[in-house]
Amino acid sequence: VKVKIPFGNKYLDAVFSVPEKKATYGVILTHGAGGDMNFPHLVSLAAYLASHGVLCLRFTCKGLNVAYRAKAFKTVVEYLKLSDDYKLSGVFLAGRSMGSRAAASVVRQLSQDDDDDGFIQGLVCLSYPLHRPKLQSKLRDEDLLLTRCPVLFVSGSADEMCEKQLLEGVASKMKAPKKIHWIDKANHGMAVKGRTTDDVMEEINVQVFSWLRENVQLEHK
């Protein structure tokens, strides 16, 4: 189901992947710095979640400024929260690369608000860009360290923007419950020599869904 979500004086393009049965939980998903919501990994994950009973709303926001993208993400969260068509008990915020930074920023902002009502259930970071390539001294970890809800990281063990030991170090300092799933030998784009894209996406999708299920009482389909 395609929708346009009002954002300031513009609209954000978004697509709902709706399960057959009424969903209790949803995932809001967005893309990295390049590309849009039709990035194959996102399309694949949305379809997988919907087929397992989780509503998925993915959207496009092209800005390259994280604060702007976080603002757009917040607008989408509010939109879904107030939606009459889909009454959800809670949502998970998810993003790929820069999109996961925007998601982390929103989760931190909303959890620090006094009116935090528990609508946000958790955060899913796909290829979280912890640092710029070869610039490991400057970590983008402040939002992660202040996040309180459960966090799942799915990263390639050869990601040039997320060195394995550095992410494990940040995770060890986080107060929130967290889990890291390493895709062996995958780079930032989740490409692995000798494996098909579909094969890698299947691994990611299964990991994300099983983690969601551990964190909320989802019926096993």
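Just so you know, these numbers come straight off a predicted model, no measurement behind them. Values below: every heavy atom of this structure, side chains too, minus hydrogens, waters and symmetry copies. Heads up: numbering here begins at 1 and tracks the sequence.
In this structure, the side chains of M190 and V154 come closer than 4.5 Å at one or more pairs of heavy atoms. At a threshold of 4.5 Å between non-hydrogen side-chain atoms, the residues S100 and F153 do not count as touching. Between L145 and V170, the closest side-chain pair of non-hydrogen atoms falls below 4.5 Å. In this structure, L80 and V91 have side chains that are in contact, with non-hydrogen atoms separated by less than 4.5 Å. Within the 4.5 Å cutoff, side-chain heavy atoms of K74 are placed close to those of L110. Proximity of D13 to K4: side-chain heavy atoms (C-beta onward) are separated by under 4.5 Å at one or more points. With contacts defined as side-chain heavy-atom distances shorter than 4.5 Å, the pair L130/E163 does not qualify.
Between atom OH of residue Y128 and atom OG of residue S97 there is a gap of 10.0 Å, rounded to the nearest 0.5 Å. Between the CZ atom in F39 and the OG1 atom in T60 there is a gap of 12.5 Å [rounded to 0.5 Å]. A distance of 5.0 Å separates CZ in R58 from CG in N38, rounded to the nearest 0.5 Å. With values rounded to the nearest 0.5 angstrom, N205 atom CG is found 7.0 Å from L49 atom CG. Note that CG of L152 is 10.5 Å distant from CD1 of I204, once rounded to the nearest 0.5 Å. Here the NZ atom belonging to K81 is positioned 6.5 Å from the CZ atom belonging to F119, to the nearest 0.5 angstrom.
The nearest pair of heavy atoms linking H131 to E160 is CE1-O, 3.5 Å. Between K185 and S157, the shortest heavy-atom contact is N-OG, 2.7 Å. Between A103 and F73, the closest heavy-atom pair is CB-CE1, 3.7 Å. Between C149 and Q121, the shortest heavy-atom contact is CB-O, 4.1 Å. Of all the heavy atoms in R195 and I183, the pair that sits closest is NH1-CG2, 4.2 Å. Between C56 and L29, the shortest heavy-atom distance links the atoms SG-CD2, 4.0 Å.
Side-chain atoms of S89 do not come within 3.5 Å of backbone N or O of Y25 as any donor-acceptor pair. Side chain of K178 to main chain of A171: a donor-acceptor pair is present (N/O by atom type, distance under 3.5 Å, no hydrogens or angles). The main-chain N or O of P40 is never found under 3.5 Å from a side-chain atom of S44 such that the two would form a donor-acceptor pair. With hydrogens and angles ignored, the 3.5 Å screen pairs a side-chain donor or acceptor of R69 with a backbone N or O of G32. Judged by distance alone, with hydrogens and angles left aside, the side-chain atoms of S127 form a donor-acceptor pair with the main-chain N or O of H188 at under 3.5 Å.
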Where do V192 and D184 land on the side-chain contact (heavy atoms from CB on, under 4.5 Å) test, with the steps shown first?
CA-CA 8 Å; V192 183; D184 194 38; over 6 Å; no
Could you go through Q109 and S105, starting from their C-alpha distance and side-chain angles, then the distance that decides it, and tell me whether this counts as side chain to side chain donor-acceptor pair (under 3.5 Å)?
CA-CA 6 Å; Q109 288 168 30; S105 171; 3.1 Å; yes
Given side-chain contact (heavy atoms from CB on, under 4.5 Å), test L45 with L126 step by step and report yes or no.
CA-CA 11 Å; L45 179 57; L126 307 173; 4.1 Å; yes
Could you walk me through whether M161 and R140 pass the side-chain contact (heavy atoms from CB on, under 4.5 Å) test, one step at a time?
CA-CA 10 Å; M161 295 179 75; R140 298 160 171 163; 4.0 Å; yes
How far apart are the C-alpha atoms of V206 and E202, what are their side-chain angles, what is the distance that settles it, and do they pass the side-chain contact (heavy atoms from CB on, under 4.5 Å) test?
CA-CA 6 Å; V206 169; E202 177 72 10; 3.7 Å; yes
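Residue K87 places its NZ atom among more than 12 non-hydrogen atoms of other residues, nucleotides or ligands, all under 6.0 Å distant.
Hydrophobic clustering keeps F92 apart from V43 (ILVMFWY residues linked when any side-chain heavy atoms are closer than 4.5 Å, directly or through intermediates). V1 and I28 fall within a single hydrophobic cluster, where Ile, Leu, Val, Met, Phe, Trp and Tyr are joined by side-chain heavy atoms under 4.5 Å apart, directly or via other members. Tracing side-chain contacts under 4.5 Å through hydrophobic residues (I, L, V, M, F, W, Y), one never reaches L55 starting from M37; they form parts of separate clusters. If you chain together hydrophobic residues whose side chains sit under 4.5 Å apart, F209 and M201 never meet in one group. V15 and L88 fall into different hydrophobic clusters, where Ile, Leu, Val, Met, Phe, Trp and Tyr are joined by side-chain heavy atoms under 4.5 Å apart, directly or via other members.
Taking the six-membered ring for Trp and thresholds of 30 and 60 degrees, H52 and Y48 have nearly parallel ring planes, at less than 30 degrees apart. Ring orientation note: the planes of Y86 and F16 are tilted relative to one another, at an angle of 30° to 60°.
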